[in-house]
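Comments concern the structure below.
In this chain, numbering begins with 1 at the start of the sequence shown. Model, not experiment: these values are computed from the prediction.
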Amino acid sequence: MSFSRRNFLIATGVVAASSSVLSACSSGSKSSGHDNVPSVSDSKAVNIPVGTKADSTGPAPEVKDAVKGGTIYSLDQFDMDHMDPAQIYVSTEGAITVPIMRGLTGYKLDEKGGCTLVGDAATDAGTMKNGGKTWSFTIKDGIKWEDGSDLSMDDVRHTFERLFASFVTEGPRYVQQWLVGGDKYKGPYSGKELDSIEVSGKTITFHLTEARADFNYTLAMRGYSLVPKKHDTKEKYDKRPFSCGPYKIGDRKIGKSLTYVRNDHWDAKTDPIRNAYPDKYVFQFGFELIASTDRYMADKGNDQYTMSIFNEVAPERIAQVLTNAKLKQRVLTQVDTVTYYWPINMTRIKDVKVRQAINWAWPHQQLQTIRGGKATSELATTILSPVTPGYEKFDLYGTDKKPGGDPAKAKALLKEAGKVGQKLVIAYQHSDNAVKSAVAIKNALEAAGFQVVNKQVDKSTFYTQIGKVDNDFDLFAAGWSPDWPNGYSVFYPCWSGKNIGDGRSNYAQLNDPSVNKAIDAASKIADPDKANKAWGNVDRQIMELAAVVPDYHSIRNWMYGSKVGNVVFDAGNTCIALSKLYAKK
């Protein structure tokens with residue numbers, strides 16, 4: 001998912017996903033050496049199984065020593081572009097809505113940080129029939145919306161039918177593409193139902209066009225959280241969603257703050273995933289990394305009760321924080337599954353030699369230094385992260401030997417193409433760190449013979465802007481981790497020609513027949529080892545076309561206040577686990 005449009009779970013093949021999958025977790029990470037920095041390359045994968053019906057029963061496991069009450073705050077750069085679940089495809093948006101939104105399935109954390117796929121609003125993680133072309137979920141009793149009304153089966157049906165509405169352009173498209181008849185269905189607002197969704201009593205059944213043994217993982221995405229039919233305000237729902245979780249929106253000032261207060265109609269006995277210790281969450285926006293880091297370091301007043309959804313330790317403060325034993329105690333360090341990269345707009349930069357030249361000129365090492373050095377990231381040469389099964393190590397553009405870039409090689413390619421002086425328009429988010437990176441990229445590419453124009457794009461709508469087919473950019477910052485446990489969810493959404501369109505995540509608009517064919521073929525391979533090899537080959541195919549510049553694999557460093565209790569990683573939402581926090585007395 002982007003920013004990573006879903007820093008998410010990693011898996012083997014489709015068949016393997018029906019029983020258990022793999023994900024990168026910090027407990028499996030090794031140090032990269034004397035500097036005691038976690039290594040992405042050496043990180044191990046841990047098993048994430050499908051839970052039982054008992055695992056899906058609430059309440060969520062209690063957090064040791066947790067106390068109820070108080071307020072948890074955040075300090076972050078930007079507000080959410082979307083809060084309608086159907087429009088959510090950015091990891092920060094998914095993470096911040098966990099306390100107010102519930103889906104049919106979700107991820108349960110144990111006290112050791114382990115993840116299990118369980119039924120959330122459903123009684124279990126679903127029943128697969130017909131080889132994976134039919135899936136059924138039974139809804140729990142006792143789930144209520146914030147106005148006290150019961151979650152109805154009409155609400156559940158409506159949640160999935162509204163995904164087809166014309167105003168839904170930003171979220172995941174898997175369910176829409178897989179439901180039988182979905183290619184012709186226009187949504188529920190004309191009064192028509194989709195026949196491939198059946199409701200009988202408390203059970204909803206989905207009929208799919210293809211076997212998907214991982215469909216229960218797909219539904220754990222925030223994009224498939226439940227929406228009440230009665231309170232569906234269509235486009236306006238994006239600004240004020242309705243809650244069936246332990247909290248509801250109390251106040252929202254767009255661009256400035258978002259407040260959650262308790263939802264008195266939430267019943268913990270129905271919820272195996274969420275605890276609800278704080279009385280309130282107050283998310284505060286508009287803080288650059290240095291500003292938030294300095295406040296965490298000072299640890300005064302309400303900042304003692306503060307954490308971040310997005311903001312990590314500022315690059316300028318990394319060394320100071322991580323070499324101070326006392327400060328480092330208040331940093332959650334986590335190897336992530338994301339690869340950040342720069343897609344190249346294939347509709348504008350058509351010459352492969354020009355795209356290859358961009359790759360050869362890329363200033364990987366300089367950008368890593370701007371991010372804060374090796375404590376924050378490892379240089380990338382592939383689309384797949386090293387913690388993704390199927391990852392194959394290769395380096396087509398000399399990054400390992402010349403991490404600072406090879407301008408001479410790049411310029412030679414431009415000369416061969418007759419494109420010295422090629423203009424590149426580069427989009428980047430408006431933040432202190434992004435500005436510094438943009439300058440480094442501009443200098444490196446101009447040294448290689450390009451003419452570079454940098455354009456700032458508002459960070460709260462960045463992915464909306466670069467997700468438009470008719471945009472004016474040649475290159476843009478993006479990133480991706482699997483949407484759910486399967487390599488398909490890396491390559492289909494981002495690199496298949498079938499997924500080009502406004503709001504889609506094939507930012508490069510790559511539509512190569514051989515790549516499309518390879519993605520389709522790999523998705524049908526049942527043997528996990530063979531599937532992994534196939535996904536590694538797809539990675540190489542795309543890199544040979546130079547449709548993207550892989551930049552780095554991320555190592556997260558989130559700092560927080562001294563009175564925030566139980567700061568742990570939520571691998572399902574690739575964020576601090578909001579629903580496990582408490583305010584210390």
Side-chain angles (χ1 to χ4, degrees), residues 6-11 17-28 45-64 66 85 91 94-128 135 137-143 151 214-226 243-247 266-277 332 334 337 482-485 565-582:
R6 283 278 309 162
N7 301 338
F8 213 78
L9 303 176
I10 303 297
S18 65
S19 58
S20 64
V21 298
L22 298 175
S23 174
C25 290
S26 57
S27 59
V46 297
N47 188 42
I48 296 183
V50 177
T52 64
K53 188 171 185 177
D55 293 323
S56 305
T57 302
E62 293 290 342
V63 173
K64 184 180 180 182
S91 57
I96 204 171
T97 52
V98 171
I100 64 171
M101 295 181 185
R102 299 181 66 177
L104 295 185
T105 61
Y107 289 94
K108 180 178 183 176
L109 305 181
D110 62 30
E111 61 184 10
K112 296 181 180 179
C115 313
T116 304
L117 182 77
V118 298
D120 185 359
T123 56
D124 56 28
T127 300
M128 180 179 71
W135 278 89
F137 301 84
T138 300
I139 306 303
K140 295 172 181 173
D141 295 325
I143 298 178
L151 170 66
D214 48 9
F215 188 65
N216 48 357
Y217 287 93
T218 311
L219 296 188
M221 295 177 68
R222 194 62 49 217
Y224 302 119
S225 293
L226 299 168
S243 173
C244 58
Y247 297 90
W266 173 73
D267 185 350
K269 294 193 297 291
T270 70
D271 196 333
I273 293 171
R274 300 162 188 82
N275 300 100
Y277 297 116
L332 175 63
Q334 175 69 39
T337 62
D483 286 330
W484 78 93
N566 196 50
V567 181
V568 297
F569 186 66
D570 178 352
N573 295 284
T574 57
C575 179
I576 289 175
L578 287 179
S579 293
K580 295 295 179 181
L581 300 177
Y582 68 92

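Rounded to the nearest 0.5 Å, atoms CG (L104) and OH (Y224) are 11.5 Å apart. The OG atom of S579 sits 11.5 Å away from atom CG of N566, with the distance rounded to the nearest 0.5 Å. Atom CG of L117 and atom CG of D55 lie 10.0 Å apart (nearest 0.5 Å).
The backbone N or O of V63 lies less than 3.5 Å from a partner atom in the side chain of Y277, making a donor-acceptor pair. Although no hydrogens or angles enter the test, the distance criterion places no donor-acceptor pair under 3.5 Å between the side chain of T105 and the main chain of A125. With hydrogens and angles disregarded, a donor-acceptor distance shorter than 3.5 Å links the side chain of N275 to the backbone of P61.
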request  = Could you walk me through whether R102 and T270 pass the side-chain contact (heavy atoms from CB on, under 4.5 Å) test, one step at a time?
outcome  = CA-CA 11 Å; R102 299 181 66 177; T270 70; 2.9 Å; yes
inquiry  = One pair to check against side-chain contact (heavy atoms from CB on, under 4.5 Å): L109 and F569. What are the steps and the verdict?
reply    = CA-CA 9 Å; L109 305 181; F569 186 66; over 6 Å; no
request  = Begin from the C-alpha positions of D124 and T52 and carry the test side-chain contact (heavy atoms from CB on, under 4.5 Å) through to its verdict.
outcome  = CA-CA 6 Å; D124 56 28; T52 64; over 6 Å; no
task = Show the numbers, then the answer: is there a side-chain contact (heavy atoms from CB on, under 4.5 Å) between I273 and V118?
result = CA-CA 8 Å; I273 293 171; V118 298; 4.0 Å; yes
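What you find for P49 and C115 is that their closest heavy atoms are CD-O, 3.4 Å. When all heavy atoms are compared, the tightest approach of G119 to S56 is N-OG, 2.8 Å. Heavy-atom minimum distance, G245 versus W266: O-CB, 3.3 Å. Across Y107 and A220, no two heavy atoms sit closer than the pair CE1-CB, 3.5 Å.
Applying the side chain to side chain donor-acceptor pair (under 3.5 Å) criterion to T123, with sequence neighbours excluded, gives no partner residue.
In this structure, I576 and L581 have side chains that are in contact, with non-hydrogen atoms separated by less than 4.5 Å. Side-chain contact between E111 and V568 is absent, with no heavy atoms from C-beta onward closer than 4.5 Å.
Of the residues K108, R274, K140, the one that meets the salt bridge (charged side-chain N to carboxylate O under 4.0 Å, His left out) test with D120 is R274.
Classification of the W135-F215 ring pair by plane angle, with boundaries at 30° and 60°, yields tilted.
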